[in-house]
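Quick note on labels: first sequence line is chain A, next is B, and so on, each numbered from 1. Here the structure is a predicted model, which means the values were calculated and not measured.
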Amino acid sequence: MLDIQLLRTDLENVAKRLAARGKAFPVAEFNSLEAERKTIQTRTQELQAQRNITSKQIGNAKSKGKNVSLILAEVTGLGNELKQAETQLEGIQTRLQQLLFGIPNLPHDSVPEGRSEANNQEVRRWGTPHTFDFSVKDHVTIGEDLGLLDFETAAKLSGARFSLLQGGLARLHRALAQFMLDTHTQEHGYTEAYVPYLVNAESLHGTGQLPKFEADLFVVPHGEQGNYYLIPTAEVPLTNTVRDQIVALESLPIKLAAHTPCFRSEAGSYGKDTRGLIRQHQFDKVELVQIVHPQQSYAALEQLVGHAEKILQKLELPYRVMVLCTGDIGFSAAKTYDIEVWLPAQNAYREISSCSNCEAFQARRMQARFRNEKGKPELLHTLNGSGLAVGRTLVAILENCQNADGSVSIPEALRPYMGDLTRLAAQDKK
RNA sequence: GGAGAGAUGGCCGAGUGGUCGAAGGCGCUCCCCUGCUAAGGGAGUAUAGGCUCAAAAGGCUUAUCGAGGGUUCGAAUCCCUCUCUCUCCGCCA
């Protein structure tokens, strides 16, 4: 959510920066709502003040044993008028808020302008893609040939966009998550967290998935209490830990890491990445969240990307880092880096991590604050990044580490998590 | 799932219809006193808004005592609904 003060004082500039992300701000609608709000709010508060004064007079008079019927008669009409004004004000403020909740974050000045993915800029590259002296297979073929990856059975159990891993591949998947989590907690200073996978609407509202993106979520009805939602990312529970809180300055930065499944309905992505593990309704991810002092958030973003990169470096997987352009950053983000891993079978780099600084956008929705140097509450900055998407990392390993005989070499960093196994071969089902 | 108790400021805790944004304490900040330490004295100390102001300061004002609704001229206080926490019983990994 944007700061309404900013909209009141510098609407033109806000509209301009939103235009850079391809979002037209409804200036006229906002201005007329604001004008209306101003009139009605002033009127309401005047009436409230009048009521308060009169009520006090009644109290005073009564305690002195005076007759109050005269003053009482004076306030008779006030109640109705006040109630009407209050209702009207509430209506306007709801409309203003709804408008505001639908407006995305402003891009940071350092974000390159552009309309789409095509305008994202490469920041750096690490590693050299391997050249193969045989024709490479894609991860689906590799996994199925090994007898360890089974989409047909998954489709029977659930439907499209689910997968079943077995044997060494399932173990490799587990090993990856452990390895990532251990690296971040032991080398990068994150606190490991185990979090709820079902969250309430307030939490999703806090991080910005609601109210606009309900269609992307899986909803679980829960009796009369309303709905639970399956988390689309651990960013939601991790970031919302500070919702409605005022944290102490000394406790910053807060760095949290969690390994969770993520659930996305993938509405609107029909026909995209239908083959394989790239785009699933359920996938695992190790998520990094940082909650920091506003002055630190851009330094923290660089760090956060580095933490995610470190995983790929240890796994010796080639990648590049992209800075997303104004037209491609997500709703809550002010700046986003994507990390893209090399996939030989696609002969392309594909997204494996996304790291964003949301500045105060989420914190404002969540009322997540800290006591600043002057002891005053101030909004925090929140950041999140994948470190990394486990399923996609598995894909990258299968494809980058494949051998001519159909086996897959296990990166050295993972071997301690695999009982020192060096390769996955067809007989590894058990 | 059943029965009961509770939710008040950074924390503890008083407050059962009016002068209560809320006693008292703790903590924190500033000042005074004390040769040092310990102790003592005084003052201050919620948040989010609105209007005003070129801005800062200030001024005026509104809302907030778990949340929402109701009764009333007036609600922390009375009534209703919900949420959460605790205790006991049941069930369960």
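B:rG25 and B:rG9 have their C1' atoms separated by 13 Å, with the value rounded to a whole Å. When the P atom is used for both B:rA67 and B:rU83, the distance is 15 Å, rounded to whole Å. Comparing the same atom, P, in B:rG42 and in B:rG24 gives a spacing of 12 Å after rounding to whole Å. Atom name C1', nucleotides B:rC33 and B:rA39: the rounded distance is 11 Å, in whole Å. One P atom belongs to B:rC92, the other to B:rG1, and the distance between them is 16 Å to the nearest Å. Separating the P atom of B:rU34 from that of B:rG21 is a span of 41 Å, rounded to the nearest Å. Here, B:rG70 and B:rA75 have their C1' atoms 11 Å apart, quoted to the whole Å. To the nearest whole angstrom, the two P atoms, one in B:rG6 and one in B:rU77, are 15 Å apart.
A sub-4.0 Å separation between OP1 or OP2 of B:rG18 and a side-chain N or O of A:R51 is absent. A:N52 has a side-chain polar atom (N or O) that falls below the 4.0 Å cut-off from OP1 or OP2 of B:rA63. A:R37 has no side-chain polar atom (N or O) that falls below the 4.0 Å cut-off from OP1 or OP2 of B:rG49. Taking only side-chain nitrogens and oxygens, A:K62 never comes nearer than 4.0 Å to OP1 or OP2 of B:rC73.
For A:Y229 and A:E214, the side-chain atoms include at least one donor-acceptor pair closer than 3.5 Å. Side chains of A:T326 and A:R21: a donor-acceptor N/O pair is absent below 3.5 angstrom, by distance only. With 3.5 Å as the limit, one finds no donor-acceptor pair spanning the side chains of A:T260 and A:K285.
For A:R115, the CZ atom is loosely surrounded, since the number of other residues' heavy atoms within 6.0 Å does not exceed 12.
In this structure, B:rU29 and B:rA43 make a Watson-Crick or G-U wobble pair, each of the two defining distances being under 3.5 angstrom. Applying the Watson-Crick and G-U wobble criteria (two distances, each under 3.5 Å), B:rC53 pairs with nothing in any strand. Summarising the base pairing, B:rA22 is matched to no nucleotide, lacking a Watson-Crick or G-U wobble pair whose two defining distances lie under 3.5 Å. Across all strands shown, B:rU34 has no partner, as no Watson-Crick or G-U wobble contact with both distances under 3.5 Å is found. Pair assignment for B:rU85: B:rA5, on the basis of Watson-Crick or G-U wobble contacts that are both within less than 3.5 Å. The base-pairing partner of B:rC91, taking Watson-Crick or G-U wobble contacts with both distances under 3.5 Å, does not exist among the strands shown.
Atom P of nucleotide B:rG10 and atom CD of A:Q245 are separated by 12 Å, given to the nearest angstrom. As a whole-Å value, the separation of A:Q367 CD from B:rG66 C1' is 17 Å. Atom pair A:Q5:CD and B:rA48:P shows a separation of 11 Å (rounding to whole Å applied). In this structure, CD of A:E202 is placed 14 Å from P of B:rA67, rounded to the nearest angstrom. In this structure, CD1 of A:I58 is placed 11 Å from P of B:rA75, rounded to the nearest angstrom. Nucleotide B:rU83 holds its C1' atom 14 Å from the CG atom of A:D244, rounded to whole Å. The distance from atom CG of A:L47 to atom P of B:rG74 is 13 Å, rounded to the nearest whole Å.
A donor-acceptor pair under 3.5 Å is absent between the side-chain atoms of A:E235 and the main chain of A:I231, judged by distance alone. Distance alone, capped at 3.5 Å, is enough to place a donor-acceptor pair between the A:S353 side chain and the A:S386 backbone.
The side chain of A:S55 sits closest to B:rG74 out of B:rG74, B:rU61, B:rU47. The listed nucleotides are B:rA48, B:rA63, B:rU19; the one nearest the side chain of A:Q48 is B:rA63. For A:K56, the listed nucleotide lying nearest its side chain is B:rU19; candidates were B:rU19, B:rA48, B:rU71. Nearest nucleotide to the side chain of A:A49, out of B:rU62, B:rU47, B:rC73: B:rU62.
Residue contacts for A:R364: at a heavy-atom cut-off of 4.0 Å it reaches no nucleic acid atom on any strand shown. Counting non-hydrogen atoms under 4.0 angstrom, A:E34 reaches nothing in the nucleic acid. Using a 4.0 Å heavy-atom cutoff across all strands shown, A:K38 reaches sugar-phosphate atoms only and no base atom.
Between A:Y190 and A:H188, the two ring planes are perpendicular [angle over 60°; tilted spans 30° to 60°].
For A:Q41 against B:rG49, a side-chain-to-base donor-acceptor contact under 3.5 Å is absent.
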